[in-house]
Amino acid sequence: MLNKSNRINKDKDFDRAFKTGQSFYTKDFGLKAVDNGVDKIRLGILISTKVSKKAVVRNKLKRQIKEIVQTELPALKPGKDLVLIIFSQILDKNFGEIKSLIISALKKLKLYI
RNA sequence: UUAGAGUAAGCGGGCGAUCGCCUCGAAUUUACUUCGGGGAGGAAAGUCCGGACUUCGCAUUUUGUUUAUUUAUAAACAAAUAUGAUAGUGGGUAACGCCCACCGGCCAUCUUUUACGGGAUGAGCAAGGGAAAGUGCCACAGAGACCAUACUAAUUCUGGAAAUUUAUUGACAGAAUCAAAAGUGAAAAGUGGCUGGAUGUCCUUCGGGGCUACCGGCUUCGGCCUUCGGUGACGAAGAUGCCGUGGUAAACCCUAUCAGAAGCAAGAGCAAACUAACUCGUCCGCCUCGGCGGAUUAGUUAGACAAAGUAGCUCGCUCGAGCCCGUUAGCAAUGGUGGGCCUAGAUAAAUGAUCGCUAGAACAGAAUCCGGCUUACGGCUGCGCUAAUAAC
RNA sequence: GCCGCGGUGGCGGAACUGGUAGACGCGCUGGACUUAAAAUCCAGUUGUAGCGAUACAGUGCGGGUUCGAUUCCCGCCCGCGGCA
């Protein structure tokens with residue numbers, strides 16, 4: 001899991017990522033990336049109740065995605081805020097499929113060193 | 001032994017490998033290093049009730065009492081009023097619409113009676129105050145849905161205006177007949193049953209028997225009454241003197257009891273505190289008496305500033321109507337008492353991710369904290385019940 | 001965390017104080033007009049079974065009150081919206 005300093009926890013940071021960030025969308029999720037002025041990668045995840053009404057399902061998805069980013073963290077460029085927006089299509093995918101999709105999205109935005 | 005329905009007393013995966021998160025404590029080289037402890041539920045859910053806690057208010061008008069003084073205001077208390085909720089009785093509780101026990105009702109089984117009915121059992125059901133305070137509603141059908149037998153016609157009788165031929169016609173009014181209360185309807189005005197006389201009618205083996213207008217007698221049920229038992233709901237017995245009142249209050253309503261409002265984004269503290277606009281309060285001045293101008297406090301919105309202008313940081317925040325074991329009062333819910341224990345505290349929100357073995361593993365994720373209710377739930381255990389089979 | 005509103009044929013939307021559920025519009029089906037179509041007009045249309053008469057089910061779901069429930073009461077499910 002991610003350390004506290006690797007999370008986005010301010011409404012303003014989310015707004016900035018939405019307004020000025022680079023985008024990459026698939027039918028499973030969307031990814032926003034923006035410079036944050038800090039020497040860290042920070043992650044925020046959005047899952048609405050429209051994805052699933054069960055809190056258990058939403059929490060599990062968040063934990064799995066955090067785990068994926070955690071393992072990729074040493075290979076990424078520091079100083080970026082990442083925001084992931086999850087859509088309901090992702091419920092059909094297993095852990096391995098989600099992992100490869102997110103890694104390819106990170107490569108598209110050229111976030112690797 | 002197997003299966004089933006039920007109840008809810010207990011449980012709600014385990015082991016291993018790799019990589020991580022939150023929090024508390026200790027150590028050091030003060031590094032987001034190392035070591036050690038702890039880390040979701042029986043429903044954490046729905047938000048349907050009830051409390052604790054916090055802030056605001058003492059709300060509305062009227063009445064009464066007390067206190068204070070500036071003698072018409074302020075404060076406190078009580079009653080009435082409005083709105084909402086609850087509804088057999090007693091108990092439990094911080095409180096409840098919850099829980100326990102009991103009472104009455106319904107249902108099932110057994111039993112008893114000529115019959116209505118009575119008695120027993122149930123780990124069966126159940127929102128169960130008042131319909132002889134009042135109002136409303138009861139479709140269709142029906143005379144009538146609560147002033148019971150309407151309205152119209154016909155016939156008869158009685159009274160009788162008026163007309164004339166003075167004993168006839170009879171407007172009009174009243175009563176009866178028609179008219180059986182069958183039938184209609186969810187419901188029909190006297191509550192169910194037994195029985196005597198009597199009328200009519202049918203059957204008859206001529207002994208009698210069936211049905212029945214009407215007039216009684218006894219009894220059941222319910223109400224008024226008396227006595228006894230029970231804290232009480234109520235029960236039992238007596239007295240036969242009087243009475244028989246449709247349903248619906250999950251229609252208005254009446255009666256009794258209870259309730260101030262908002263919610264941890266409650267609320268408290270800390271740092272910073274510049275400008276503009278608006279709103280409310282207070283003070284000063286002017287006056288056309290209602291506004292204008294100025295100052296100040298609080299709040300809201302927008303902008304500026306390394307950051308924040310607020311969902312910032314700290315507290316509230318987890319020791320509590322707490323859990324476990326024993327003992328004691330009580331039918332029980334539950335209470336008293338002795339000993340032991342400390343058992344999540346996050347905040348874009350930790351309590352895990354991936355893989356392997358096991359057995360295929362449900363419903364589901366704390367957010368101030370508790371007590372209930374309701375709903376979801378694969379499997380295992382406990383308990384009594386029902387059915388089948390086997391043995392004795 | 002707190003608080004409202006709604007759910008009726010294929011679709012929108014009625015049904016007033018409980019009394020024959022589905023008015024009205026759109027759509028759909030069949031027919032007329034046309035060489036053919038559109039437009040227009042006529043008829044039908046909740047579902048299932050049936051040639052039909054008719055029967056059964058039916059207002060999100062499950063109970064209850066009542067002679068009788070779309071309507072009243074209780075508990076759930078789903079959808080939409082608001083406040084801090």
Side-chain angles (χ1 to χ4, degrees):
Chain A
M1 290 299 275
L2 285 167
N3 193 282
K4 217 186 236 178
S5 61
N6 292 112
R7 307 178 200 155
I8 302 176
N9 57 7
K10 297 232 171 10
D11 211 12
K12 210 167 183 174
D13 295 329
F14 278 93
D15 275 350
R16 192 177 56 199
F18 267 95
K19 282 172 185 166
T20 63
Q22 303 171 266
S23 302
F24 178 78
Y25 280 90
T26 72
K27 66 182 194 306
D28 299 307
F29 62 90
L31 177 62
K32 286 274 188 178
V34 71
D35 293 330
N36 61 2
V38 184
D39 196 24
K40 293 271 190 185
I41 288 281
R42 296 196 304 187
L43 178 69
I45 303 169
L46 301 179
I47 307 183
S48 81
T49 48
K50 286 179 183 173
V51 175
S52 171
K53 295 178 79 77
K54 295 180 180 179
V56 171
V57 173
R58 297 199 303 272
N59 284 351
K60 181 159 188 178
L61 271 173
K62 278 202 265 187
R63 288 195 299 261
Q64 287 178 331
I65 288 162
K66 285 176 187 171
E67 185 69 26
I68 290 162
V69 176
Q70 170 77 20
T71 53
E72 297 299 314
L73 205 54
L76 294 174
K77 290 182 194 165
K80 289 278 186 184
D81 276 354
L82 308 177
V83 176
L84 273 159
I85 307 105
I86 307 301
F87 307 131
S88 57
Q89 296 281 334
I90 208 164
L91 292 174
D92 303 328
K93 306 281 193 296
N94 64 29
F95 179 78
E97 290 169 326
I98 295 169
K99 185 169 186 175
S100 58
L101 282 170
I102 287 178
I103 289 173
S104 67
L106 292 170
K107 281 176 182 166
K108 288 268 186 188
L109 292 180
K110 299 183 171 58
L111 294 172
Y112 284 90
I113 296 167

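To find a chain, count down the sequence lines: A is the first, B the second, and so on, and within it residues start at 1. These figures come from a predicted structure and were not determined experimentally.
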Where [X] and [Y] come nearest, the two heavy atoms and their spacing:
{"X": "Phe29(A)", "Y": "Ile86(A)", "result": "CB-CD1, 4.1 Å"}
{"X": "Phe95(A)", "Y": "Gln64(A)", "result": "CE1-O, 3.9 Å"}
{"X": "Lys99(A)", "Y": "Ile68(A)", "result": "CA-CD1, 3.7 Å"}

Using O4'-C1'-N9-C4 for purines and O4'-C1'-N1-C2 for pyrimidines, with syn meaning within 90° of 0, is [N] syn or anti?
{"N": "G27(C)", "value": "anti"}
{"N": "G356(B)", "value": "anti"}
{"N": "U205(B)", "value": "anti"}

- [ ] Could you check which of G352(B), A350(B), U354(B) has an atom nearest any side-chain atom of Gln64(A)?
- [x] U354(B)

Roughly, in whole Å, what's the span from [atom1] in [X] to [atom2] in [N]?
{"X": "Ile65(A)", "N": "C21(B)", "atom1": "CD1", "atom2": "P", "answer": "19 Å"}
{"X": "Ile47(A)", "N": "A349(B)", "atom1": "CD1", "atom2": "P", "answer": "11 Å"}
{"X": "Lys66(A)", "N": "A349(B)", "atom1": "NZ", "atom2": "C1'", "answer": "8 Å"}
{"X": "Asn94(A)", "N": "A353(B)", "atom1": "CG", "atom2": "C1'", "answer": "14 Å"}
{"X": "Lys60(A)", "N": "U351(B)", "atom1": "NZ", "atom2": "P", "answer": "13 Å"}
{"X": "Glu72(A)", "N": "A353(B)", "atom1": "CD", "atom2": "P", "answer": "19 Å"}
{"X": "Asn59(A)", "N": "G365(B)", "atom1": "CG", "atom2": "P", "answer": "9 Å"}
{"X": "Gln70(A)", "N": "C19(B)", "atom1": "CD", "atom2": "P", "answer": "12 Å"}

Under a 4.5 Å cut-off applied to non-hydrogen side-chain atoms, are [X] and [Y] in contact?
{"X": "Ile103(A)", "Y": "Lys107(A)", "answer": "yes"}
{"X": "Leu84(A)", "Y": "Ile65(A)", "answer": "yes"}
{"X": "Val83(A)", "Y": "Leu43(A)", "answer": "no"}

- [ ] By nearest nucleotide on RNA chain B, pick out whichever of Leu46(A) and Val57(A) is the more 5' one.
- [x] Leu46(A)

TODO: Please determine if a side-chain N or O atom of Arg63(A) lies less than 4.0 Å away from the OP1 or OP2 oxygen of A353(B).
DONE: yes

Task: Any donor-acceptor N/O pair, Glu97(A) side chain to Asn94(A) backbone, under 3.5 Å - done: yes

If you restrict it to nitrogen or oxygen atoms, what contacts under 3.5 Å exist between nucleotides 362-364 of chain B and the protein, and what is each distance?
residue	atom	partner	partner atom	Å
A364(B)	OP2	Lys54(A)	NZ	3.0

